[in-house]
Structures are given as C-alpha cells and as structure tokens.
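First up is the structure itself, then whatever we jot down about it.
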Amino acid sequence: MISAVVLASHQVQPARDEMAALLLTGQRKLHWRNEPARRRQSLARRTAAIKAEVVIATWCKMDNARQERARRKAQQTLLTALADRGVTQAVFESRGPERDKGDISGLAGMRRAGALPDSLRVSHVAGPAEHALWAADVAVGAFGAALDGTPTFWDELVTGTEVTILTCGQCMLPHDPAPMLPALHLGAPAESS
C-alpha cells in the first residue's frame, strides 16, 4: 500500500505545521508503525483536520521477496492517478540512495512509456525534513488497520476527507474497508429519494 495526501500549494505549510505539532519530545518524525494504539486515534483526527484528498494505491499478492516490485507497481498506479488530477509535484519519503534510485528508474520507464507526463515532477525528501509526508503515512497506516479489522482510525481520518482508493493493479479489485464504513466517507454520491 502507498498513499498520497493531495495538497494545493496554499495548504502545504498549514499541513506541515499541523503534523509537526504532533511530534512528541524526542521524536524526529511521525511513523504510524511506531505509534502506540492509544495515540493513533489522535493522529488520525489531526490528519483529517488538514482537509486534503487522500489517494491510496495497493498491489496485492506479492510475496515478501518481491516487495520492492509491488511497491513500484503501486507507486506507478498512484502517480498515474495524481497526474490525472493535475498534480504537478509529488514528494516521496526517501528510503535511502539505492531504493530512491530504483524509484527513479521506474519513473523514467513510466515517462518513456508515456504513462507519466513531464509536467509531474517527482522528488525524494528525508522523512524528518518534510512534515507533510507524515500525513500520508498516517493515512496509509489507518487504512491498513481498517483492512486488518480495526476501522476506528480510518473512520476518524475519513470523516470530512475526500478519499479515493484505487483499484489494485494486481487483482483488479478495490481493497477498501467500505463494508465497515458509511459509503459517503469514500466519496460515493449520496442517494436521492
């Protein structure tokens, strides 16, 4: 799973400020996996306060030996969706020079294939240096928890937030916790009577 929090340029600094305010003494960055369950509810609520669109891409049924390939495939799905929304800049958290190089190679292939427009710039930034990245981490963490049967964090995050869960490129199904949540949270049109 990989996620993006889509922000207009005027939303970036407020998002950074909101996420930075969540750091505890001694923390360099937020990482969902390292946060205790009792704090995750607050993280989801405060991330929802940003009022950004959340976009999530999945790529399932890959064994652990092929995680990088699955990540690259999900990243490609995500970037295509972002380009379709007119996004001009995507910032990913750096995972180190070698892994970033793999991402860049995949992006170059997408550009050669015409799947990614030149207008979408992609960069990598160290996690502690870009606080807005933490919102995407909280979003994907809450999403994963919902898929694992704990929807409370996800429910908190999507309240008032536009969410798009992209169809999995591997199985062609949307992996979403929709059965656990009201349809309107996922941006479904309201039914009229």
Side-chain angles (χ1 to χ4, degrees), residues 1-12 15-16 31-33 47 50-127 129-144 146-147 154 157-158 161-178 185-189:
M1 297 177 287
I2 189 168
S3 70
V5 173
V6 181
L7 300 167
S9 58
H10 71 276
Q11 292 176 296
V12 174
R16 286 174 178 147
H31 194 332
W32 181 267
R33 186 179 303 149
T47 300
I50 294 171
K51 301 290 185 201
E53 179 186 8
V54 173
V55 183
I56 295 181
T58 60
W59 194 273
C60 73
K61 299 180 183 170
M62 274 294 174
D63 62 34
N64 286 342
R66 299 179 65 184
Q67 269 189 348
E68 282 301 306
R69 184 175 193 286
R71 182 184 185 283
R72 236 182 338 271
K73 291 292 193 178
Q75 185 181 53
Q76 289 172 2
T77 300
L78 181 66
L79 287 170
T80 300
L82 295 178
D84 289 347
R85 284 166 170 72
V87 171
T88 58
Q89 182 177 5
V91 179
F92 287 97
E93 184 172 352
S94 174
R95 298 178 309 130
E98 285 303 309
R99 288 182 171 171
D100 292 353
K101 186 177 173 183
D103 284 351
I104 292 165
S105 175
L107 296 170
M110 287 181 71
R111 289 196 198 285
R112 283 191 302 275
L116 190 65
D118 290 336
S119 61
L120 177 58
R121 294 178 315 228
V122 180
S123 60
H124 292 85
V125 177
E130 179 50 82
H131 305 156
L133 286 172
W134 306 343
D137 184 70
V138 170
V140 81
F143 176 75
L147 290 178
W154 180 247
L157 185 121
V158 300
T161 300
E162 182 181 350
V163 175
T164 303
I165 300 168
L166 303 170
T167 300
C168 175
Q170 177 70 6
C171 71
M172 304 312 288
L173 295 172
H175 296 288
D176 69 53
H185 287 305
L186 296 176

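Trp134 places no side-chain N or O within 3.5 Å of a backbone atom of Trp32 that could act as its donor or acceptor partner. Distance alone, capped at 3.5 Å, is enough to place a donor-acceptor pair between the Asp100 side chain and the Arg95 backbone.
In this structure, the side chains of Val158 and Val54 stay at 4.5 Å or more apart for every pair of heavy atoms. A heavy-atom distance below 4.5 Å is found between the side chains of Arg85 and Glu53. Considering only heavy atoms from C-beta on, Gln11 stays 4.5 Å or farther from Val6 through its side chain. Considering only heavy atoms from C-beta on, Thr161 stays 4.5 Å or farther from Thr47 through its side chain. Contact check for Val163 versus Trp154: side-chain heavy atoms found under the 4.5 Å cut-off. Between Gln67 and Arg71, the closest side-chain pair of non-hydrogen atoms is not below 4.5 Å.
Closest heavy-atom contact between Gln89 and Ser123: NE2-OG, 4.5 Å. Nearest heavy atom pair, residue Ala52 against residue Leu7, reads CB-CD2, 3.4 Å.
With sequence neighbours excluded, no residue forms a ring pair (Phe, Tyr, Trp, His ring centres under 6.0 Å) with His124.
The side chain to side chain contact (heavy atoms under 4.5 Å, CB included) test with Ile2 singles out one residue from Leu78, Ile56, Val140, Leu166, and that residue is Leu78.
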